Amino acid sequence: MATSVQILGTGQLVTLSRRLRAAGGPRLRQNMARRLRRAAEPLHSDLQSDVRTMRLQSEGRKRNRRGQMGRGGPSLTTRPFRGMLAGGVRISVRQGASPGARVWVDRSRIEPKARNVLHQINQTGRLRHPVFGNRKRWANQRGPAGFWTRRVQAGTPRMRAEVERVLADVRRSLE
């Protein structure tokens with residue numbers, strides 16, 4: 001799974017970053033960083049909305065050993081599951097040696113037992129998890145396989161075109 005999208009390291013960005021540093025214009029650098037962030041925001045919001053609205057279909061409830069329907073229980077997490085996963089999708093902008101914008105999954109913002117969920121769903125289209133934390137009983141849920149990869153592939157050309165436009169504008173202002 002492409003866990004992050006990066007538009008960076010191109011020769012134009014590196015050259016431009018050096019010229020910005022030499023020009024010493026912090027206002028110009030801040031403007032460039034803000035516009036690079038804005039270039040990545042549509043893809044960021046699309047990925048977050050995909051995660052929030054992702055359909056996860058379960059196999060259905062199974063009967064327990066005595067033939068009765070299983071019981072439910074309170075959620076073991078402190079936050080709604082999809083909201084927690086969507087909160088892990090982040091943007092970062094760099095201006096140093098390899099400048100650019102990046103949309104990625106920050107695993108530290110996701111609860112420890114769920115850190116691999118987005119990768120698991122994207123790769124296999126399946127989420128396997130213990131039922132209410134009971135490691136003796138497991139459930140399978142089906143999701144859209146490749147949802148992250150498809151959204152990234154669809155959003156990258158728009159992001160790249162916007163970054164090129166930002167570069168052209170900043171280059172014009174330096175000349």
Side-chain angles (χ1 to χ4, degrees), residues 1-10 33-34 36-163:
M1 170 174 133
T3 56
S4 68
V5 181
Q6 299 179 39
I7 306 293
L8 52 88
T10 63
R34 184 177 65 248
L36 286 175
R37 177 173 292 281
R38 281 191 189 150
E41 281 174 356
L43 180 60
H44 175 252
S45 63
D46 288 348
L47 285 168
Q48 281 189 328
S49 86
D50 280 358
V51 170
R52 280 192 181 99
T53 60
M54 183 186 334
R55 286 183 45 104
L56 291 174
Q57 297 174 331
S58 71
E59 298 174 333
R61 297 183 73 171
K62 295 181 180 168
R63 298 196 178 273
N64 63 17
R65 292 181 188 145
R66 289 175 268 172
Q68 301 167 343
M69 290 300 280
R71 294 183 185 174
S75 173
L76 298 176
T77 61
T78 57
R79 301 183 279 173
F81 187 66
R82 288 180 183 89
M84 173 196 54
L85 293 176
V89 180
R90 311 241 346 242
I91 299 176
S92 63
V93 175
R94 290 184 287 175
Q95 296 182 8
S98 63
R102 178 178 164 201
V103 178
W104 55 292
V105 176
D106 184 359
R107 292 172 51 129
S108 68
R109 295 184 116 199
I110 298 174
E111 292 186 15
K113 290 185 178 178
R115 287 191 175 150
N116 208 27
V117 167
L118 289 175
H119 178 72
Q120 188 179 7
I121 294 171
N122 187 56
Q123 290 295 103
T124 63
R126 183 180 126 194
L127 173 61
R128 186 169 187 268
H129 62 89
V131 177
F132 294 107
N134 179 0
R135 294 213 165 280
K136 293 180 181 174
R137 189 183 267 315
W138 288 76
N140 289 313
Q141 288 182 289
R142 300 272 175 218
F147 78 96
W148 181 277
T149 308
R150 281 193 303 273
R151 177 60 74 183
V152 165
Q153 287 172 347
T156 300
R158 177 177 58 183
M159 188 173 158
R160 182 164 284 147
E162 181 64 26
V163 167

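Keep in mind that this is a model prediction, so the values were computed, not measured.
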Any non-hydrogen side-chain atom of [X] less than 4.5 Å from a side-chain atom of [Y]?
| X | Y | result |
| --- | --- | --- |
| L36 | E162 | no |
| Q120 | R128 | yes |
| W148 | D50 | no |
| R126 | R142 | yes |
| P130 | K113 | no |
| V105 | I110 | yes |

Atom [atom1] in [X], atom [atom2] in [Y]: separation rounded to 0.5 Å?
| X | Y | atom1 | atom2 | answer |
| --- | --- | --- | --- | --- |
| T149 | Q123 | OG1 | CD | 7.0 Å |
| F81 | E111 | CZ | CD | 9.0 Å |
| H129 | Q141 | NE2 | CD | 3.5 Å |
| R107 | L118 | CZ | CG | 10.0 Å |
| R90 | Q48 | CZ | CD | 10.0 Å |
| N116 | N122 | CG | CG | 11.0 Å |

Under 3.5 Å donor-acceptor, R82 side chain and M54 backbone: yes
Exam field: side chain H44 to backbone V89, donor-acceptor pair closer than 3.5 Å: yes
Measure across [X] and [Y] and return the closest heavy-atom pair with its distance rounded to 0.1 Å.
| X | Y | value |
| --- | --- | --- |
| M159 | A39 | CG-O, 3.7 Å |
| G155 | L43 | CA-CD1, 4.0 Å |
| R150 | A145 | NH1-O, 2.8 Å |
| S49 | T53 | O-OG1, 2.7 Å |
| G88 | R109 | CA-CB, 4.1 Å |

Criterion side-chain contact (heavy atoms from CB on, under 4.5 Å) on M84 and V117, from CA distance to verdict: CA-CA 11 Å; M84 173 196 54; V117 167; over 6 Å; no
Qualifying residue for side chain to side chain contact (heavy atoms under 4.5 Å, CB included) with V103, from D46, T156, L47: L47
